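These notes are about the structure you will find just below.
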Amino acid sequence: MYSAAVVLPLIGAMLAGLILTFAPKGHGRDLAAQLATCICLGLSALLAIVIFYQVALLGHGRTIEAFPFITSGALQTSWGFKYDTLSAVMVFVVTICSTAIHVYSCGYMHDDPGVPRFMAYLSLFTFCMLMLVTADNFVQMFFGWEGVGVCSYLLIGFWYDRPSANAAAIKAFIVNRVGDFGFALGIFGVFALFGSVVFDDVFAAVPTFVGTRVTFLSWEFDALTLLCLLLFVGAMGKSAQVPLHTWLPDAMEGPTPVSALIHAATMVTAGVFMVARLSPMFEYAPDALAVVCVVGASTAIFAASVGLVQNDIKRVIAYSTCSQLGYMFFACGVSAYAAAIFHLMTHAFFKALLFLSSGSVIHAMSGEQDMRKMGGLAGHIKITHIMMWIGSLSLAGVGVPFVVGFAGFYSKDIILEAAFGALSGVGQYAFWLGVVAAFMTAFYSWRLLFMTFYGKPRADKHTMEHVHESPQVMLIPLYILAVGAVVAGFVGYESFVGHHMNEFWRESILVLPQHNSIEAAHHVPVWVKVLPVVVGLVGIGVAYGLYIRNPNIPGELAARWQRLYRFLLNKWYFDELYDAIFTRPSFKIGWGFWKRGDEATIDGLGADNLADKTLRLARRTAALQTGYVYHYAFAMLIGVVVLVTWFLLVRSGAQ
């Protein structure tokens, strides 16, 4: 059962690949691939529920070793499955969301010519993510880490006939390689310091290496701090944290189910999971935790500010994902790992719901994604409208303090309370930026709702005549995700971050007594608990005033504050900055090596020069071959004269 939950998506991917290779083209082939992958994912999700009950609720965790992988001196690794509460939660979330996205894809990709290939990529992506979260050593985690990176490249660039999709896929791949380089260095460092890459062995030895100093790039560092920072670089790339965030919005070039899969419960949450998994290391590296906290808080406010002015419906939600990941990371930075995973779980439901609902809107609008060309859709796609409301209420953290609320209300608020309760400088930095980001989140969520579903239709008459609700195969996954977006916070609160937290997480997460910010979160002042809800409601009110009551004001504000508007619209000019610092200089260097190095030096003095001289000599020699007999007779006569002359000179010299 434990192995099958991980392997079934791989079987589904292989079956879809075989169907793609051998089955004749047609609807039957597409249906067979969809059934194969959806059935395998559905079975995996059912097993994940059973595993969650046995491991997380009953405490029957285990590590299963499948077979040896690498045996080389001190390096001993194997393929295995580590099941504790942390991995059980991740397997549950990944399989449930992935199954919903697979079923949704059956309707969304109905007319696409590459359905079997798409379904195979989705299932392979899920398998790699499951290998990542169930790994019991760094090497297997790295395998899953790189696997989801490769699959994301394939999925983002699925429509490879579009130059923009190819560019987005390459960008995601390259930016992640930067982060993965740091992650790989961290793994090398872990093996060099601890002599093992097995989690249990490394975690047991961590306290004995506190205070150890190492030299890296001629500087001396605390060993654990250095290793944690290198590993966190990998998390920054995979989870799109500033400054390695630029690939995430461009990933919207892939089909909407890809956006939901990457942004909800899988690839982008891998970094958060990794930091939580390595909590026994990070807890003994407080400086590294401070960096995690600052980076997370900075990303939360940055992405939220950019989301305020985006007009592509999917990009708004993408920047929301980036911002929410910032919340998760600064929760980890104040040692509230349980709160981070709690928010990861609730976020998976409501963000997948938002992405798939946006796909339903795009489907209804015949492929249109610009919110400025929408409006007035509430009466045409009523179910999608309701689903978008549920997702937005959860994202904005709407609820009644001390009473009840949507899923995001429970998970986001406990993160802010833990940051405040940490009583540290970085904790206060994260708390106040998180509060401001909560206001922005509520504003851009309702801006999206109001621009999309309310007011006068801004689409052309032909598009509005064809607006229609999505088929049931696309709506049923929305119902399932909506249930999670409503009740996941209430149901999971006590176990994840409440009074039963220690019994629930057991040894899967380590928090030192002096770092117990979640316990402190339960004792913060009342205003700290109320403030996030208040600023969220204010954000909703401001959005209502600007986009319903006075829809002309946003344009006037954009014109008055044109520089600020363009600054936010152009994403703080990160892409332009990277283009100036890295891309263009790299092109110039490459051009120089090509023209001056390869063509002028290597080819000019070497191969091309030799070939040119040989060709010239051959042409001159060929010119002697005229085909006239008298030319050849004359040449023979000259030869005879030369030989006789040489003979006479040599003979006279001898005498």
Side-chain angles (χ1 to χ4, degrees), residues 149 152 168 171-183 186 228-252 262-263 267-272 274-275 282 287-310 315-334 340 343-344 347 351 412 415 419 425-438 440-441 444 564 567-583:
S152 68
K171 185 176 183 179
F173 194 78
I174 292 175
V175 173
N176 273 276
R177 296 290 70 72
V178 176
D180 294 353
F181 180 68
F183 188 38
C228 288
L229 288 176
L230 288 172
L231 294 168
F232 178 61
V233 170
M236 289 170 63
K238 199 65 69 183
S239 296
Q241 297 297 285
V242 172
L244 301 180
H245 66 282
T246 54
W247 67 271
L248 192 63
D250 292 345
M252 296 300 98
I262 291 177
H263 291 70
M267 178 174 165
V268 294
T269 60
V272 179
M274 186 262 281
V275 174
F282 277 88
D287 292 340
L289 282 178
V291 172
V292 173
C293 186
V294 170
V295 170
S298 302
T299 303
I301 194 70
F302 155 75
S305 68
V306 175
L308 295 174
V309 298
Q310 297 301 306
R315 282 183 179 268
V316 174
I317 304 174
Y319 277 106
S320 171
T321 298
C322 194
S323 181
Q324 297 305 305
L325 288 166
Y327 276 93
M328 299 176 206
F329 273 111
F330 78 67
C332 291
V334 295
H343 194 50
L344 184 156
H347 175 266
K351 189 53 62 69
K412 186 160 67 175
I415 287 177
V426 294
Q428 292 298 308
Y429 174 82
F431 172 76
W432 288 108
L433 289 189
V435 169
V436 176
M440 294 179 176
T441 300
Y444 64 64
L564 176 60
F567 179 73
L568 297 178
L569 189 64
N570 288 284
K571 303 158 287 188
W572 292 28
Y573 292 104
F574 267 102
D575 284 322
E576 290 78 3
L577 180 64
Y578 289 169
D579 184 63
I581 295 176
F582 300 112
T583 307

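This structure is a prediction, so every number in the text was calculated from the model and none was measured.
Asn570 places a side-chain heavy atom less than 4.5 Å from the side chain of Glu576. Using a 4.5 Å heavy-atom threshold, the side chains of Met274 and Phe183 count as touching. Between Val272 and Phe329 there is a side-chain heavy-atom pair separated by less than 4.5 Å. Residues Lys412 and His347 have side chains not in contact (no heavy-atom distance under 4.5 Å, counting atoms from C-beta outward).
In this structure a side-chain-to-backbone donor-acceptor pair under 3.5 Å is missing from Ser323 to Ala303. Side chain of Ser320 to main chain of Val316: no donor-acceptor pair is present (N/O by atom type, distance under 3.5 Å, no hydrogens or angles).
Checked against side chain to side chain donor-acceptor pair (under 3.5 Å), Ser152 has no partners two or more places apart in sequence or in another chain. Residues that satisfy the ring pair (Phe, Tyr, Trp, His ring centres under 6.0 Å) test with Phe181, not counting sequence neighbours, are absent from this structure. Not a single side chain to side chain donor-acceptor pair (under 3.5 Å) links Ser239 to another residue, sequence neighbours left out. Applying the ring pair (Phe, Tyr, Trp, His ring centres under 6.0 Å) test to Tyr319 and every residue at least two apart in sequence or in another chain returns nothing. Applying the side chain to side chain contact (heavy atoms under 4.5 Å, CB included) criterion to Tyr578, with sequence neighbours excluded, gives Pro243, Thr246, Phe574, Phe582. Among residues two or more places apart in sequence or in another chain, the salt bridge (Lys or Arg N to Asp or Glu O under 4.0 Å) test is passed with Lys171 by Asp250, Asp575. The side chain to side chain contact (heavy atoms under 4.5 Å, CB included) search around Tyr429 returns Val294, Ala297, Ser298, Leu433, not counting sequence neighbours. With sequence neighbours excluded, the residues forming a side chain to side chain contact (heavy atoms under 4.5 Å, CB included) with Val178 are Leu244, listed by chain and number.
Among residues at least two apart or in separate chains, side-chain hydrogen bond (donor to acceptor under 3.5 Å, both in side chains) pairs with a member in residues 172-182 are Trp145-Asp180, Glu146-Arg177, Arg177-Asp180. The list of salt bridge (charged side-chain N to carboxylate O under 4.0 Å, His left out) pairs with a residue in residues 319-330, not counting sequence neighbours, is empty. Contacts classified as side-chain hydrogen bond (donor to acceptor under 3.5 Å, both in side chains) and involving residues 300-310 (residues at least two apart or in different chains) are given here: Ser305-Trp572.
Centroid-to-centroid, the aromatic rings of Phe232 and Phe282 stay 6.0 Å apart or farther.
The minimum heavy-atom distance between His343 and Tyr327, with the atom names listed, is CD2-CB, 4.3 Å.
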